[in-house]
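Before any comments, here is the structure.
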Amino acid sequence: MRLFSLISTALCVGESGAWTGSARLRSPQSPQCVEAAEQKLPVLLERLRHSRRVRTPLASLGDVEAFCNEQFEDGLLAMAMHCTELGRTAKRKNSWNRGSWTPASVRVEAIEAEQISLCVGVKGRSGAQDEVVSAVLPLGGRCETADELRAALFSLAAEAGVGHVTAARLLSLPGSTDDWSLPDDLWLNETPNRRSVRQMFYDDLAGALQAAVGDVSCPRRMRVTITPPELNMEMDSYRVGTLLELVRHVALQLSESGLRVRVCVQGSMGQGAFTGMPRVLSGVRKLLGMMDWQAGEGEAHEGCLGSEDCEGPIRFGAIGGDQVAEDDDVLLLLAPQSMVGASIVQPLSEMAAAAGERALVILNADLSDRQSSGGLMGVRGRADRMAFAESFHEVYHCRLLYRGTQFMYPIRGALRMSHGGAYVLYARRESADAKHERYVPVGVFGSEPEPPTITQLLTNAPNPFGDEGRSDTSQGSPPEDPTAPPSWE
């Protein structure tokens, strides 16, 4: 593949290779063509939504009850105490004689679409089980699939204050989609990563974006955060080749769904002698056009880039309101960021306004202010800039976690979220011989957890390798079989 032969070129491109951001010549679109494209888009999105549905009917699952009884009994008891009359009854009966009526065990009798029937064992002051009572746990809505049941149980667990580690067991609910597990022996601290590891991230992000674009309830302004060491621009392990591979894979996946994707890289900003662009993006626009898209005659993606006179399903552009074409379906922006002397917010906001109902995706964006002279990005207008940055809805999040006083090493865990799912916190653990590692889920959240919560859960996380296993004090060595392809399954 030609891509990796160009990586060194990207690092050497200076001002002479910087892209000025001028608009590419577009073929004129007749009103009939534009109208036909607008009529075709809803059909494509519906087909995309249908292709992303992975659902197991709840009625066909006979082992969900057994799982709840064996793996989640303590969580069910806490939810029953908080969400049913059981808790109020226990409080009333124990008001005069504490411990005389204590619900101690629970079993699932039946799972229906809108409720779970429970059988609760109650202990008296003697400690023996005195009676058995029934309780009905409402799910807060109709659940037709295992995924919907899992989401409802997550909400009830959060409402009832169930521990994060206990709630994380629900990820393994039988019949639910395995969109959370991480493979063993990733060894993300070693760069360059194995090709199979990089491909895992590419496929995961492409699937999340397809689901988000096809979801009509998802806001059209979308944000993606994906920062393993090779995509983290704050680290010296950042590789522009990995970024280009990722963008190519995502753009091709979206175009194969029938959508027209414009990949945009910001051009030079600033004025006079202070004109320039972020170093990590220098030469990226040029490499996008030079890399191998397999778009030639007879190749796998023939015609995806179009020709000199006519744009194809994948087209390139800069960041600005004038870069949006009438037939664009998805706008994919690579790491938009401000620099000293120039803010990216104004051209980005103009592009967002011009995009309208089109999907606008910012990848690893940094919309924070960079203090500059002349009052640029100062106090004036900061609230508006922050509000604009917060207007983007996060559809994918994957980053590694480190110690507060250390940077990049050692890896303590990871935080991941894909569109339609929850934020899953993982603790990284090693085997005693440091030959294997595993990311153990220790918490599930509806929004990004706060740093103190992350620190507490990572510190107290169990080790699946037993008492002799290691935590995050070492990073070990690569697995014995480096060619074994990892997956999310």
Side-chain angles (χ1 to χ4, degrees), residues 18-24 26 205 209 212-213 218-227 231 233-234 243-244 246-247 250-251 254 259-271 274-285 288 314-326 328-372 374-397:
W19 184 52
T20 59
S22 57
R24 180 183 173 185
R26 302 191 183 106
L205 176 56
L209 275 184
V213 172
C218 181
R220 296 294 91 182
R221 295 184 184 181
M222 307 176 188
R223 182 174 76 251
V224 168
T225 301
I226 176 169
T227 55
L231 292 173
M233 296 181 178
E234 297 180 356
L243 175 66
L244 293 173
L246 173 69
V247 171
V250 170
L254 291 172
L259 303 177
R260 294 170 290 272
V261 183
R262 185 172 298 278
V263 181
C264 302
V265 183
Q266 67 189 74
S268 297
M269 301 188 301
Q271 298 179 355
F274 299 100
T275 301
M277 65 186 307
R279 179 177 56 85
V280 292
L281 295 177
S282 178
V284 171
R285 170 60 183 89
L288 278 173
I314 299 177
R315 56 280 298 266
F316 305 124
I319 295 180
D322 60 339
Q323 298 294 309
V324 183
E326 293 182 352
D328 287 339
D329 298 326
V330 180
L331 303 168
L332 182 58
L333 281 57
L334 273 61
Q337 53 191 282
S338 299
M339 54 183 292
V340 176
S343 173
I344 192 63
V345 172
Q346 181 176 353
L348 181 57
S349 59
E350 294 174 354
M351 191 171 195
E357 295 301 316
R358 301 174 180 86
L360 179 73
V361 185
I362 55 176
L363 172 66
N364 288 349
D366 182 5
L367 303 184
S368 59
D369 290 340
R370 301 292 177 89
Q371 292 298 321
S372 307
L376 186 64
M377 290 181 283
V379 177
R380 179 180 300 177
R382 178 171 296 171
D384 294 335
R385 294 192 297 272
M386 294 176 62
F388 174 73
E390 294 173 356
S391 68
F392 288 86
H393 174 72
E394 192 160 48
V395 297
Y396 184 84
H397 185 106

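Please read all numbers here as calculations on a predicted model, not as lab measurements. When a residue number appears, it is its place in the shown sequence, counting from 1.
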Donor-acceptor pair, side chain of Q337 and main chain of A335, under 3.5 angstrom
yes
Heavy atoms from other residues, nucleotides or ligands near CD of E350 exceed 12 (cutoff 6.0 Å)
yes
Are any of the side-chain heavy atoms of V361 and L331 separated by less than 4.5 Å?
no
Tell me, please, which residues at least two apart from A352 pass side-chain contact (heavy atoms from CB on, under 4.5 Å).
R221, L360, F388
List the steps and the verdict of side-chain contact (heavy atoms from CB on, under 4.5 Å) for M233 and T227.
CA-CA 8 Å; M233 296 181 178; T227 55; over 6 Å; no
Side chain to side chain, M222 and H393, heavy atoms closer than 4.5 Å:
no
R358/D329 under side-chain contact (heavy atoms from CB on, under 4.5 Å): CA gap, chis, key distance, verdict:
CA-CA 6 Å; R358 301 174 180 86; D329 298 326; over 6 Å; no
Residue set satisfying side-chain contact (heavy atoms from CB on, under 4.5 Å) with P347, at least two apart, ordered chain then number -> I319, I344
Can you spot which of L246, V250, L333 makes a side-chain contact (heavy atoms from CB on, under 4.5 Å) with L363?
L246
Does the side chain of Y396 reach to within under 4.5 Å of the side chain of T225, using non-hydrogen atoms?
no
Are R260 and D328 within salt-bridge range, i.e. N to O under 4.0 Å?
no
Beyond-backbone contact of C218 with V395, side-chain heavy atoms, under 4.5 angstrom
yes
Say you draw a straight line from CZ of R315 to SG of C264; how long is it, rounded to the nearest 0.5 Å?
10.5 Å
Contact summary for A251 and V261, nearest pair of heavy atoms:
O-CG2, 4.1 Å
Is L332 close to R262 at the side-chain level, that is, under 4.5 Å between some pair of heavy atoms?
no
Could you tell me whether a side-chain N or O of R220 sits under 3.5 Å from a main-chain N or O of A355, the two making a donor and an acceptor?
no
Residue set satisfying side-chain contact (heavy atoms from CB on, under 4.5 Å) with A389, at least two apart, ordered chain then number -> L367
